[in-house]
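The structure displayed is predicted, hence computed values, not measured ones.
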Amino acid sequence: MIKKVFLVLSISLLIGCSGLSYVIDNYSGIQPEKFSYAGEDWRIFHKPNEKRLMITPSMGTAMAGGFKQGATLFLAGRQSDPENRFRTASMIYVQTKVSESCEITTGKLLIDPQYEYYYEC
């Protein structure tokens, strides 16, 4: 039993490290742009030449959500569909900042709470 728990934790750490490595390799040096949508503040790391971006809540929003989760033993503070919230904010960002004809094509969770999205215009 202990071996299984250790194995699951080890795999989780490796997955988290690979996501962090990806973020560093692909987004280091990109200056985040502040973006507000639906009463929330976001940080957008935009790579327009590659038509992709990484989106994450502002530091204050992320910290408040983390505090709320911890204080309620992770029973509160998580939406049932957080990916939809990130995708919608990303779509509004590209339609506002790039072109109204832009659409999000694909996306994935990099590291909670950071998502990456590709778009086409």
Side-chain angles (χ1 to χ4, degrees):
M1 177 67 173
I2 292 176
K3 287 182 181 182
K4 287 182 183 179
V5 170
F6 181 73
L7 179 63
V8 169
L9 289 174
S10 298
I11 291 170
S12 296
L13 287 173
L14 288 174
I15 291 170
C17 290
S18 67
L20 180 59
S21 177
Y22 179 86
V23 168
I24 291 169
D25 290 345
N26 287 277
Y27 289 97
S28 65
I30 303 293
Q31 205 53 27
E33 182 178 343
K34 293 178 182 176
F35 179 71
S36 293
Y37 170 70
E40 292 186 86
D41 293 324
W42 302 90
R43 293 181 301 145
I44 308 286
F45 297 78
H46 190 199
K47 297 185 90 171
N49 293 339
E50 299 174 22
K51 293 187 176 179
R52 68 177 165 144
L53 61 88
M54 180 176 69
I55 182 170
T56 185
S58 70
M59 294 299 273
T61 301
M63 287 173 41
F67 177 77
K68 183 177 180 182
Q69 284 183 311
T72 60
L73 303 176
F74 297 91
L75 298 174
R78 297 281 299 164
Q79 290 189 343
S80 60
D81 188 11
E83 198 272 339
N84 185 49
R85 193 174 110 236
F86 284 73
R87 183 182 189 94
T88 301
S90 296
M91 185 180 67
I92 298 300
Y93 172 84
V94 296
Q95 289 178 343
T96 302
K97 302 291 183 171
V98 181
S99 171
E100 289 181 7
S101 67
C102 294
E103 295 290 332
I104 298 296
T105 56
T106 60
K108 64 182 176 184
L109 175 66
L110 299 177
I111 303 170
D112 192 19
Q114 297 174 339
Y115 284 82
E116 177 180 63
Y117 293 102
Y118 285 82
Y119 61 90
E120 291 182 2
C121 301

Requested in this report: Spell out, as yes or no, whether a donor-acceptor pair under 3.5 Å connects the side chain of Y117 to the backbone of R87.
Outcome: yes
Query raised in the report: Taking atom CG of L53 and atom NZ of K97, what is their separation to the nearest 0.5 Å?
Result: 12.5 Å
Query raised in the report: So do M54 and V23 actually touch side chain to side chain, heavy atoms under 4.5 Å?
Result: yes
Only distances under 3.5 Å count here; give the side-chain donor-acceptor pairs of residues 43-51 to other protein atoms, sequence neighbours excluded, each with its distance to 0.1 Å.
residue : atom : partner : partner atom : Å
H46     : ND1  : Y93     : OH           : 3.3
H46     : NE2  : Y119    : OH           : 2.7
K47     : NZ   : N26     : O            : 2.8
E50     : OE1  : R52     : NE           : 2.6
E50     : OE1  : R52     : NH2          : 2.5

**Report entry** Nearest-0.5 Å distance that lies between atom CZ in F35 and atom OG in S90
**Finding:** 8.5 Å
Query raised in the report: Of all residues at least two apart in sequence or in a different chain, which pass the salt bridge (charged side-chain N to carboxylate O under 4.0 Å, His left out) check with E103?
Result: none
Query - Partner set under side-chain contact (heavy atoms from CB on, under 4.5 Å) for S101, not counting sequence neighbours - result: S99, C121
**Report entry** Sidechain-backbone polar pair: E116 side chain, K108 backbone, donor-acceptor under 3.5 Å
**Finding:** no
Report summary line: Between the SG atom in C102 and the CE atom in M91, the distance rounded to the nearest 0.5 Å is 11.0 Å
Query raised in the report: In Å, rounded to the nearest 0.5 Å, how long is the span from CG of L110 to OH of Y27?
Result: 6.5 Å
Requested in this report: Indicate the atoms forming the closest heavy-atom contact of A89 with I55, along with that distance.
Outcome: CB-CD1, 3.7 Å
Query raised in the report: Got more than 12 heavy atoms from elsewhere within 6.0 Å of CD, E33?
Result: yes
Report summary line: One should read off an interatomic distance between I92 CD1 and S36 OG, to the nearest 0.5 angstrom, of 13.0 Å
Report summary line: In terms of heavy-atom contacts, F86 and P57 come closest through CE2-CD, 3.7 Å
Query - Step-by-step side-chain contact (heavy atoms from CB on, under 4.5 Å) determination, Y115 to E83 - result: CA-CA 8 Å; Y115 284 82; E83 198 272 339; 3.3 Å; yes
